[in-house]
Every structure is written in C-alpha cells, then in structure tokens.
Asks: 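Please find one structure pasted underneath; my questions will follow.
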Protein chains: 2
Amino acid sequence: MRKKGLTIKDVAKKAGVGVGTVSRVLNNSPHVNPKTRMHVLKVIEELGYIPNPHARRLSSGHSGIITTIFPQMVGEFHQLLLMGIDRVLENEGYTSFVYPLYSDNRYRFVKESSDFVLGTDGLIIDALNVDRLLSQYIPRNTPVVSLEYESSNYDSVLVDNFYGGMLAGDYIASFEGEIFIVTHRPESELESTVFDERVNGFIESIERKGKKVSEIFEIPLDWLQAFNIAKGIFRRVKRSLIFAATDYFAFPIVEVARLLGLEGKKDFYLCGFDNLTLSNILNITTIKQPIYEMGRMAGEILLKRIKGYSRKPRAIVLKPELIVRKT
Amino acid sequence: MRKKGLTIKDVAKKAGVGVGTVSRVLNNSPHVNPKTRMHVLKVIEELGYIPNPHARRLSSGHSGIITTIFPQMVGEFHQLLLMGIDRVLENEGYTSFVYPLYSDNRYRFVKESSDFVLGTDGLIIDALNVDRLLSQYIPRNTPVVSLEYESSNYDSVLVDNFYGGMLAGDYIASFEGEIFIVTHRPESELESTVFDERVNGFIESIERKGKKVSEIFEIPLDWLQAFNIAKGIFRRVKRSLIFAATDYFAFPIVEVARLLGLEGKKDFYLCGFDNLTLSNILNITTIKQPIYEMGRMAGEILLKRIKGYSRKPRAIVLKPELIVRKT
DNA sequence: CTGAAAGCGCTTACAG
DNA sequence: CTGAAAGCGCTTACAG
C-alpha cells in the first residue's frame, strides 16, 4: 500500500541524504557521486515517488511545455504544422500541447483566463487575431508567436495569401466560364483574415484581366454545405470556374462534379488552397503552402524568445505556389 | 514601463491590504468587502498584474486542466470526442488540452516524463494501451480514463468493435463477390487493438456464413496507400466486397471506384467504420460509433474521479450500428 | 471581513 | 560531491 503524498523529503529521509541531493538526481545534475545517484534512484523506485510538477515549475520557473492554439482542429494541416514546431522544440527538451478553439467557451477561456494560457513556457497561435485574443492581459514572461496572422505585438510567420489568391486568379482567369468563389466564413470575430486575403488576391487578379466574379459563397468549414453549393453551381451554369479558398471545400465540390458526370478541365475548372493529401489523390489543382516550414520557423522564433532574445517583433512571409493538376 | 516580476505582494502593498485579501479577490471569494474588492481589482488593473499559474497550482493542488491524449490527430473523429468531453468538464470550470502522439518522441515523452503528463488534473487517453503507456509510473493523484481500450487499471469507455465488425460482416456476406479487408496497421505497439477487433468480428461473421476473406491489407493511416490498394483490388477482381476498418480508408477506395466507373451496390460493395461526415457525403455504407457520447461519458467518469470517487475501475461498453447507404 | 503566517514541494546558490 | 536553508508565489486555515 503506497502512501499518497510522497514528497522529496520522504525520499531524502529514506535514502539518508539531503533533499538537495535528491533534487540533483532528479534533474540529472552531473554533480552527484555515481554511487549516491544509484542509491537515491533505487529509493525513488522503491517508494514509487513521483515529483510534483507544479512545485518543480514554480521553483525552476519553467515547464518545458509550449501551447499551440488553433481555431479548430480539422486534421492534416494542423498536424503538419505541429510536426514543424516539434522539429525545433524537441531538441531542446520542450514539447507542445494543443488547445483547439472549436467552441465559444474555449475562446472565452483563452481570452479571460490568463492563468491557464500562461501556464506553459510559450504560445504559438494559429490563424487568430492574436492582438485581440490576448488583449485582456499582456503575456510578459511568456513569448508568443503568431502564425497566419500579422500581429503588431508579436513575431509572425505568414504565407502571402493575397499572392496565393492571385496565383489562383491567374490560373482561373485563363479559361472561359462563369467564376465562383467558395470561401470560409469565420465563426468567430477572432479568426484571422487569411481567407479574405486569398479571396481579395483572387478578385484582384480576375479584375485585372477584365473579368469578374459571379458570386461569392461564404460558409463554415462544413463539407455538406460546400457540397450543396457545388450542386447549385453545377446545375445552373454550363461551365463554371471555381476558386475554393481551402482544399476542404474543393473535395466535396469535385465530388459533386463526379456525381454529375462533369469532367475537370473541360466542364469545369477548380483551384483549391493548401495542397492537402486528398487534393493530390483527387487530382485537384491547388495553391501549395509550406505548412511544415511555417511550423518550423514559428518554433525557431519561439525558442529564441524563450531563451531571452528581445528584439522588436517582426514578420516572416513565405511564398505559396500554384500546383496544376486535373481540375 | 512595467516591471517584470510582479507578485501578489506588490499588489497587496500598493493596495494597502494583505496578500490574503488579494488572493481572495483573485479567487472570487465571497468573504471580501465589495469596496475592498473594487479597490484591489483597480490596483491589479493598474499594475497589469498576472498571477503566477505554477504558484497557484502548487498551493491549491489543482490546475483546472485535463489532458486528452490521442495516437494521432486526424480531425473530425477527435474533435467530436473532445466536444463530448468538454460538454461535461466546462460546467465544472475545467478545460482540456490535447496531446497527440504522432511521433516516436511524443510516445517517449508520455512514457518517460511523468512530470508533464501529470501536470494536469486528469488524463483521458484514447485508443492506446494505457496500462503499458503508463507502466513506468503509476499516476496516483491523477485520475485516468481510457477510451477505446479496455484497461485493467483504469475506467474505460468502449465501443463494441467486435460486434461492429460483425455487423459489417453480416452486411458484406449477404452479397456475392471476393472479400477484402483494408485495415490500419498500428504505427506503435502502444496503439490499442480496436482495428483488430473490428477485423476479427468481421471475419467471424463471414466465416459463420461459410465464406472467407481473400486478403487483408494492413496499412498506415494514409490515403495514398489506401488509394493504391483499391486500384489493385478493382483491377484484379470483377466484383469486390470490401470492409474498410475505418472510413478514412473508405474515402479513397470509393474515389478509385469512381475513377474506374464502377457503381456501388452493383460492381462493388463497401462498408466503412465510424460514420464521419465525408462518408455521409460520399454515400458510403458504414458502422456508426457514438463518438460524442463516448467523450461525454469519459468526461463524466473523469470528473467523478477528480472529485474523489474511488470505487474499482470499470468498463462501459457502447453499441455501434450499421448504416446502409449506396455502397 | 481581514492580516500575519504557515505551508504547498520543489530548486538552487551557499558554504563546506 | 553534499546538506541546510532560503526562496519560488501563491492559498488557506487561524485568530481577530
């Protein structure tokens, strides 16, 4: 039967050493006699002692954890980003937790509860208006890096979404047909404007070529809605040219085209955004973002900040590229 | 210019009260004179004071956070589960962080670093061999709930996957053709055996009807591989009956069928597992799991444990159901 | 309702 | 290499 509240003192007493020595063993300090270390380790094992994380963090001043905040958690995109972030952090003994904001309550928690937001050593925040999200308290000892949103207070890592939209526009404008946009309507006013930028870039390019967009559909990140909109478009228009501001919408659109027996690059043209695996499988033309790379850079900057780097925040902007496939 | 290391003492001094009073204000204690409260709040505001989370957690003994661990993070399934978990926890002032295990390093961190795993008030662990994952240390003050894996040490919430597999088998076996299984090969020995159970249930049902499975394909959770396997099957076999142990595989399989001009329920039959949104859109027959419900129950049990409930762990088993669509 | 003080369980100079 | 002690920044009985 094990005792509940084992502390470092219990270990020290049983091992016949001071708590300092136990602590050094726990933290792999080189300044411990190998024999002492072995002995202490054995006692720890016997007792089944587990250090209290909160105490460790309070006295050491750090947790070894960083938090990544996403507006929602839809899969591949986010996992890739995380892998990029890990790439850098893991070497330094850090790891990252995820806090997805798929509900109003979660937004509220982040906005109002500095307590748990600042319980880790750093924050990477994706596709959110960071400045407003954190307006109720200013993280001072907790560095923040903003992804996909250009912050005025923190370092940012961005993709040039306007340019990406233009690439899509250049592609689409080179064909004949009626032009449509299917884009994401943010579910919170705190979501960043990446989709708007893509759409604006697209429209800019289209108009430069003297053409115009017939209709813009703004919907939540919901396959079914995209599906229904595509049905409407394909049924009404003989030949449609569609820009899906994210691949997630491109998937169901292509599906509808298939159901109706429409052929890509003949009956319709479609350009997505993101270059997810499924767009590769479905052979969808899309705009590629360097997702993993973005994560990596965000991790790098955050790490520098954690280590004390204190220059003025700046933004890094990456370029997207067009990938032409069969739509 | 704000000072860096503001503490509760600075606030107390400036407000002319004791730290206890500041603490009570911070924690919304009812035992504070409204005027005192207002004043302290103003000072906190002026100073821009933010309480140190680690200190709070050390003295209060809890963090208000629970951690959910997934083998990977592929999207809809996990978000639904999380929403179910939240449903219960939010009412009690808790919120949940996610720790996805998409890399070996992450497995290692969980297995070896009790420190950060136990830094929250509770653990919900999905589709992993919890007993082995946590074998290196026994969480004592941190309750654990296992999802999709029947643990011998902790409460479990499960779906009867074997039965689900049988439902799929009953469906598939009622048609003529060559039978295939496409299932997930765990990338870590610590992943749970949900897929095996589904497959075993399927085979059991098939064999009871005097039929047999031609081939079993085990692949990672990778659309491209499923895509290629489907190609092979459809090209070789005139009429195939396929059980995809997860809808994620069913999507690309249907895609290949489309490309080859094959018609569901005529040229091939396909039954997936999970009933994700995309299987609805693609009209794929599948086995429905009560995902949200599972999350909700896991959250409920965890909460009870956090509050001190200490009976012997037990397992709750939910039933899946067959949803017949156009494949 | 409030303040002074003990205590949460570690880490880390400090002196040896 | 090691121990005793101060300190991390809160919370929470306790006495008033």
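Source: prediction; values computed, not measured. Residue numbers begin at 1 in each chain, while the letters A, B, ... track the order of the sequences.
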Asks: Name the pairing partner of C:dC14, where a pair is Watson-Crick or G-U wobble with both distances under 3.5 Å, or state none.
Replies: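 Across all strands, the one nucleotide that pairs with C:dC14 is D:dG3.
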Asks: Would you kindly say whether A:Thr7 and A:Tyr49 are connected by a side-chain donor-acceptor distance under 3.5 Å?
Replies: no
Asks: Can you check the B:Lys13 NZ to D:dC10 P distance for me, whole Å?
Replies: 13 Å
Asks: Can you tell which of C:dC10, D:dC10, D:dG3 lies closest to the side chain of A:Val17?
Replies: D:dG3
Asks: Measuring only the P atom in each nucleotide, how far is C:dC10 from C:dC14? A whole number of Å is fine.
Replies: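 Per the computed distance, 23 Å lies between those P atoms.
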Asks: Nearest whole angstrom, please: distance from the P of D:dT12 to the CG of B:Asn28.
Replies: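 Distance, rounded to whole Å: 13 Å.
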Asks: In whole Å, I'd like the distance from the CZ atom of B:Arg56 to the C1' atom of D:dT12.
Replies: 14 Å
Asks: Using whole Å, report how far CG of B:Asn27 lies from C1' of D:dG9.
Replies: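 Rounded to the whole Å, the gap is 13 Å.
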Asks: Could you check which of C:dG3, D:dC1, C:dC10 has an atom nearest any side-chain atom of A:His31?
Replies: D:dC1
Asks: Between C:dG16 and C:dT12, how far is it from one C1' atom to the other, in whole Å?
Replies: 16 Å
Asks: Provide the closest heavy-atom pair for B:Asp86 versus B:Ser96 in the form atom of the first, atom of the second, distance.
Replies: OD1-OG, 3.2 Å
Asks: With a non-hydrogen cut-off below 4.0 angstrom, is A:Pro30 in contact with a base, only sugar-phosphate, or nothing?
Replies: sugar-phosphate
Asks: Any base atoms under 4.0 Å from A:Pro53, or only sugar-phosphate, or nothing? Heavy atoms, all strands.
Replies: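 Contact class for A:Pro53: none.
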Asks: Side chain of B:Ile8 only, heavy atoms from C-beta on: which candidate in C:dT11, D:dT11, C:dC1 is closest?
Replies: D:dT11
Asks: Below the 4.0 Å mark, does C:dC8 have OP1 or OP2 next to a side-chain nitrogen or oxygen of A:Asn52?
Replies: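 Result: no.
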Asks: Under 4.0 Å between any heavy atoms, over every strand shown, what does B:Arg57 touch: base, sugar-phosphate, or nothing? Just pick one.
Replies: nothing
Asks: If I pick the P atom on D:dA5 and the same atom on D:dC1, what distance separates them, to the nearest angstrom?
Replies: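 My reading of the P atoms in D:dC1 and D:dA5 gives 23 Å.
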Asks: Determine the contact category for B:Ser23: base if any of its heavy atoms lies under 4.0 Å from a base atom, sugar-phosphate if only primed atoms, P, OP1 or OP2 are that close, otherwise nothing.
Replies: base
Asks: Using whole Å, what does the distance between atom P of nucleotide C:dG7 and atom NE2 of B:His54 come to?
Replies: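 Going from B:His54 (NE2) to C:dG7 (P), I get 24 Å.
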Asks: Ignoring backbone atoms, test whether B:Arg24 places a side-chain nitrogen or oxygen under 4.0 Å from the OP1 or OP2 oxygen of D:dT11.
Replies: no
Asks: Picking from C:dT11, D:dG9, D:dT2, which would you name as closest to the side chain of A:Val32?
Replies: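 Given the options C:dT11, D:dG9, D:dT2, the side chain of A:Val32 is closest to D:dT2.
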Asks: Atom NE2 of B:His62 and atom P of D:dT11: how far apart are they, to the nearest Å?
Replies: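 Distance check: B:His62 NE2 to D:dT11 P gives 10 Å.
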Asks: Where each residue is assigned the nucleotide of DNA chain C containing its nearest heavy atom, which of B:Gly18 and B:Ser60 is assigned the position nearer the 5′ end?
Replies: B:Gly18
Asks: Think B:Tyr49 has a side-chain N or O under 4.0 angstrom from the OP1 or OP2 of D:dG9?
Replies: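 So the side-chain polar atoms of B:Tyr49 never come under 4.0 Å of the phosphate oxygens OP1 or OP2 of D:dG9.
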Asks: Between atom NZ in B:Lys35 and atom P in C:dT2, what is the gap in whole Å?
Replies: 11 Å
Asks: Hey, is A:Asp115 close enough to B:Arg56 for a salt bridge, meaning N to O under 4.0 Å?
Replies: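 Salt bridge: yes.
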Asks: Evaluate the ring planes of A:Phe109 and A:Phe116, with Trp represented by its six-membered ring, and classify them as parallel (under 30°), tilted (30 to 60°) or perpendicular (over 60°).
Replies: perpendicular
Asks: Just checking, is any N or O donor in the side chain of B:Tyr292 or B:Arg296 under 3.5 Å from an acceptor N or O on the other one?
Replies: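 Side-chain D/A pair, B:Tyr292 to B:Arg296: absent.
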Asks: Can you tell me how far C1' of C:dC8 sits from CG of A:Leu58, to the nearest Å?
Replies: 9 Å
Asks: Between C:dG9, C:dC1, D:dG9, which nucleotide gets closest to the side-chain atoms of B:Ser59?
Replies: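 The answer is D:dG9, which lies nearest to the side chain.
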Asks: Do A:Asp131 and A:Ser151 have side-chain atoms, one donor and one acceptor, less than 3.5 Å apart?
Replies: yes
Asks: What's the closest nucleotide to the B:Asn33 side chain, out of C:dT2, D:dG9, C:dC10?
Replies: C:dT2
Asks: Taking the inter-plane angle between the rings of A:Phe97 and B:Phe97 on a 0 to 90° scale, is it parallel (under 30°), tilted (30 to 60°) or perpendicular (over 60°)?
Replies: perpendicular
Asks: Identify which nucleotide among D:dT2, D:dG9, D:dT11 has an atom closest to any side-chain atom of B:Thr7, counting heavy atoms from C-beta outward.
Replies: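 Nearest listed nucleotide: D:dG9.
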Asks: To the side chain of A:Ala55, which of C:dG9, D:dT11, D:dA13 is closest?
Replies: C:dG9
